[in-house]
Amino acid sequence: MIEIRGIKISVTGGKGKLEQQIMKRLHLKAVPEYKILRRSIDARKKPDIFYVYHIGVILPDEEKIMSRINDKNIMLTKRTDYRIPEHGMEVIKHHPLIIGSGPAGLFCALMLAKAGYAPIIVERGHCVEERVAEVNEFFLGKPLNTECNVQFGEGGAGTFSDGKLNTQVKDKYGRLRYVLEEFVKHGAKEEILYDSKPHIGTDVLVKIVKGIREEIEACGGRFLFDTKAADIQVKNDCITGVKLLHKGYATWVECSQVVFAIGHSARDTFSMLYDKGFSMQAKDFAMGVRIEHPASWIQKAMYGEGPAARHLPAAPYKVTHQANDGRGVYSFCMCPGGYVVNASSEEEHIAVNGMSYSGRNGINSNSAIVVTVRQSDFESSHPLAGIAFQRKLEHQIYREGRGKVVVQRFGDFKIKTGSKTLGEVTPQIKGGYTLGNIAECLPDFMTDDIIEGIQAFERFIPGFAHEDAVLSGVESRSSSPVRIHRDEGFLSNIKGGYPCGEGAGYAGGIMSAAMDGMKTAEAIIRQYSPIETDS
């Protein structure tokens with residue numbers, strides 16, 4: 001394949017302009033077979049805005065064509081297709097048990113199912129169709145279901161998010177492309193295969209999650225919904241069984257390979273694993289608030305007011321700042337044209353997150369503005385001390401809002417006084433909210449660094465530090481505060497236990513979690529041969 005990098009086309013140029021450039025660069029008289037490998041937006045010279053393309057061209061005489069081209073941006077490349085590894089010789093005795101059906105659990109299960117291992121996936125929440133109904137009822141005022149909510153249920157926390165698919169993970173084995181192609185196969189737009197900042201949206205994610213589940217089932221996998229892994233049995237430092245709770249009934253099942261793809265909010269499961277002797281440690285993470293601006297403000301700041309801006313979708317942004325105290329302050333899970341959601345999973349605790357639909361056509365855009373939380377900030381050196389820190393702030397916000405999400409104007413947050421009225425920005429929140437004082441509920445270092453960061457971001461995005469920008473709190477689930485140790489074979493110190501994904505501290509986001517799930521499945525496949533079945 002011939003790859004052409006850096007073709008710049010005005011966003012109003014269209015397909016014809018792109019094809020003209022391909023022919024010109026390769027000295028061709030006809031449009032060749034091609035595919036878009038990558039597309040990004042260059043808005044540095046607004047109001048003139050460009051798409052920048054990397055194109056792959058398929059031709060029968062590629063080397064001959066390359067011999068007459070002297071352009072460092074045109075080269076021969078070879079794509080790496082993902083392949084499931086060859087299985088090991090040791091026969092697996094039990095169906096692999098996967099705890100959790102977020103991206104890590106689903107893609108671990110998919111790989112194992114395709115390789116013939118017939119995994120069993122245990123999910124404490126509902127299947128995604130029933131989960132959506134449960135969460136929507138919660139947003140309308142139904143009491144929190146602590147087993148099925150924005151954090152728990154099929155698809156994991158990412159199901160109720162913007163559905164971002166970008167990752168910093170290097171991928172020389174084709175896993176990233178494989179995940180994206182799975183999403184397209186089950187309903188995502190093909191643009192996610194090449195956009196530099198791909199996203200799906202919660203409405204499409206729901207369909208994709210269901211489709212992947214059905215694919216796993218078709219390959220021999222089995223799902224147990226509304227089922228919680230409540231306990232494990234360990235003998236001679238090996239897992240021998242798991243206690244499953246389903247609607248009040250307990251069942252012990254024999255197993256020897258258990259993947260813990262539990263997500264960053266499975267606090268009770270972390271405690272259970274710690275009590276059973278799993279080696280783990282606290283780690284740095286981040287907490288903060290959500291900030292909302294009208295999407296039109298962000299669009300103008302990022303793309304200007306020229307005609308090109310009207311051809312572009314709702315604008316994303318990413319901002320970072322190092323505060324005077326040395327902590328990082330940065331945006332996280334930015335949702336163009338999205339909503340803030342009540343992402344609580346425990347009674348008398350409030351956590352918020354962001355969510356967008358595929359059209360990203362909401363009135364506001366929001367993002368988490370989070371601050372680094374160090375292990376030295378915890379009140380103890382216990383491995384679960386970070387969870388205690390999260391819970392403390394979530395409970396304080398719960399009390400401040402009397403069970404509702406607390407919102408506050410940035411102008412009031414700066415002087416640490418509770419908001420009495422809103423200004424130019426109306427919150428777009430899924431779930432009940434109330435005016436209050438978030439600043440008083442957070443530690444001083446967090447409040448001060450958020451203020452410093454937002455004011456610094458004003459230099460890059462005019463209007464970002466507007467007095468009427470709306471903050472909501474608390475954003476506490478940006479990443480796991482725990483890392484469960486594992487070796488090069490992905491095994492914990494308890495043999496048969498495979499810590500996996502974001503909750504175990506090895507991923508951050510949909511894509512990296514899915515890829516970690518694949519790598520965990522590969523580790524099992526390399527050691528064991530598929531389960532024997534009766535003919």
Keeping [X] on the side-chain end and [Y] on the backbone end, is there a donor-acceptor pair under 3.5 Å?
| X | Y | result |
| --- | --- | --- |
| Arg175 | Met515 | no |
| Arg124 | Glu147 | no |
| Asn366 | Gly354 | no |
| Asn236 | Cys238 | no |
| His264 | Arg477 | yes |
| Thr520 | Met518 | no |
| Glu452 | Asn324 | yes |
| Asp449 | Val371 | no |
| Ser492 | His485 | no |
| Tyr506 | Ile484 | yes |

If you define the side chain from C-beta out and look only at heavy atoms, does anything of [X] sit under 4.5 Å from [Y]?
| X | Y | answer |
| --- | --- | --- |
| Ile369 | Ser331 | yes |
| Tyr330 | Val319 | no |
| Met511 | Val179 | yes |
| Lys228 | Asp268 | yes |
| Val470 | Asn364 | no |
| Ile121 | Phe225 | no |
| Val258 | Tyr498 | no |
| Leu176 | Tyr82 | no |

### Task
Might you work through the side chain to side chain contact (heavy atoms under 4.5 Å, CB included) test for Gln396 and Leu393, ending with a clear yes or no?
CA-CA 5 Å; Gln396 288 175 180; Leu393 301 194; 3.8 Å; yes
Whether over 12 other heavy atoms sit under 6.0 Å from [X] [atom1]:
| X | atom1 | result |
| --- | --- | --- |
| Glu217 | CD | yes |
| Phe139 | CZ | yes |
| Lys495 | NZ | no |
| Lys210 | NZ | no |
| Lys392 | NZ | no |
| Lys207 | NZ | no |

### Query
Parallel, tilted or perpendicular: which fits the ring planes of Phe107 and Tyr178, with parallel below 30° and perpendicular above 60°?
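Phe107 and Tyr178: perpendicular rings.
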### Task
Just say parallel, tilted or perpendicular for the rings of Phe378 and Phe389, cut-offs at 30° and 60°.
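Tilted, since the angle between the ring planes falls between 30° and 60°.
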Check [X] against [Y] and note the closest heavy-atom contact, atom names and distance.
| X | Y | value |
| --- | --- | --- |
| Lys283 | Ser480 | NZ-O, 2.6 Å |
| Val122 | Ala229 | CG1-N, 4.3 Å |
| Ala343 | Asn353 | CB-CB, 3.8 Å |
| Phe445 | Thr372 | CE1-O, 3.9 Å |
| Gly508 | Ser512 | N-OG, 2.8 Å |
| Ile510 | Leu205 | CD1-CD1, 4.3 Å |

### Query
Does a side-chain N-to-carboxylate-O contact under 4.0 Å join Arg360 and Asp162?
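So Arg360 pairs with Asp162 through a salt bridge.
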### Task
Indicate yes or no: does Lys416 engage Asp448 in a salt bridge with an N to O separation below 4.0 Å.
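The answer is yes: the pair qualifies as a salt bridge.
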### Message
Between Leu471 and Ile454, does the side chain to side chain contact (heavy atoms under 4.5 Å, CB included) criterion hold? Intermediate values first, please.
### Response
CA-CA 11 Å; Leu471 307 185; Ile454 290 175; 4.2 Å; yes
Inter-residue atom distance [X].[atom1] - [Y].[atom2], 0.5 Å rounding:
| X | Y | atom1 | atom2 | value |
| --- | --- | --- | --- | --- |
| Lys404 | Leu435 | NZ | CG | 10.5 Å |
| Arg290 | Ile438 | CZ | CD1 | 12.5 Å |
| Gln257 | His95 | CD | NE2 | 12.0 Å |
| Glu394 | Glu475 | CD | CD | 10.0 Å |
| His186 | Glu182 | NE2 | CD | 4.5 Å |
| Ile84 | Met111 | CD1 | CE | 5.0 Å |

Give a yes-or-no answer on whether the side chains of [X] and [Y] include a donor-acceptor pair shorter than 3.5 Å.
| X | Y | answer |
| --- | --- | --- |
| Gln151 | Ser345 | no |
| Asn149 | Glu134 | no |
| Ser344 | His349 | no |
| Asp226 | His126 | yes |

### Task
May I ask you to check whether Tyr528 and Tyr117 place their ring centers less than 6.0 Å from one another?
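No, the ring centres sit 6.0 Å or more apart.
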### Message
Assess the residue pair Val204 and Phe183 against the criterion (side chain to side chain contact (heavy atoms under 4.5 Å, CB included)); give the C-alpha distance rounded to whole Å, side-chain angles, the decisive distance to 0.1 Å, and a yes or no.
### Response
CA-CA 10 Å; Val204 178; Phe183 289 156; over 6 Å; no
### Task
Could you walk me through whether Phe490 and Asp516 pass the side chain to side chain contact (heavy atoms under 4.5 Å, CB included) test, one step at a time?
CA-CA 10 Å; Phe490 289 74; Asp516 197 62; 4.0 Å; yes
### Derivation of the salt bridge (charged side-chain N to carboxylate O under 4.0 Å, His left out) call for Arg327 and Asp377
CA-CA 12 Å; Arg327 297 176 192 265; Asp377 298 318; 2.8 Å; yes
### Task
Output, in order, the C-alpha distance, side-chain angles, deciding distance and verdict of salt bridge (charged side-chain N to carboxylate O under 4.0 Å, His left out) for Lys276 and Asp231.
CA-CA 9 Å; Lys276 292 297 180 180; Asp231 199 358; 3.2 Å; yes
### Task
Any chance you could lay out the side-chain hydrogen bond (donor to acceptor under 3.5 Å, both in side chains) test for Gln408 and Ser419, step after step, and finish with the verdict?
CA-CA 5 Å; Gln408 186 175 16; Ser419 291; 4.8 Å; no
### Task
Dump the intermediate steps for salt bridge (charged side-chain N to carboxylate O under 4.0 Å, His left out) on Arg213 and Glu129, then the final yes or no.
CA-CA 12 Å; Arg213 179 224 304 163; Glu129 309 97 304; 2.6 Å; yes
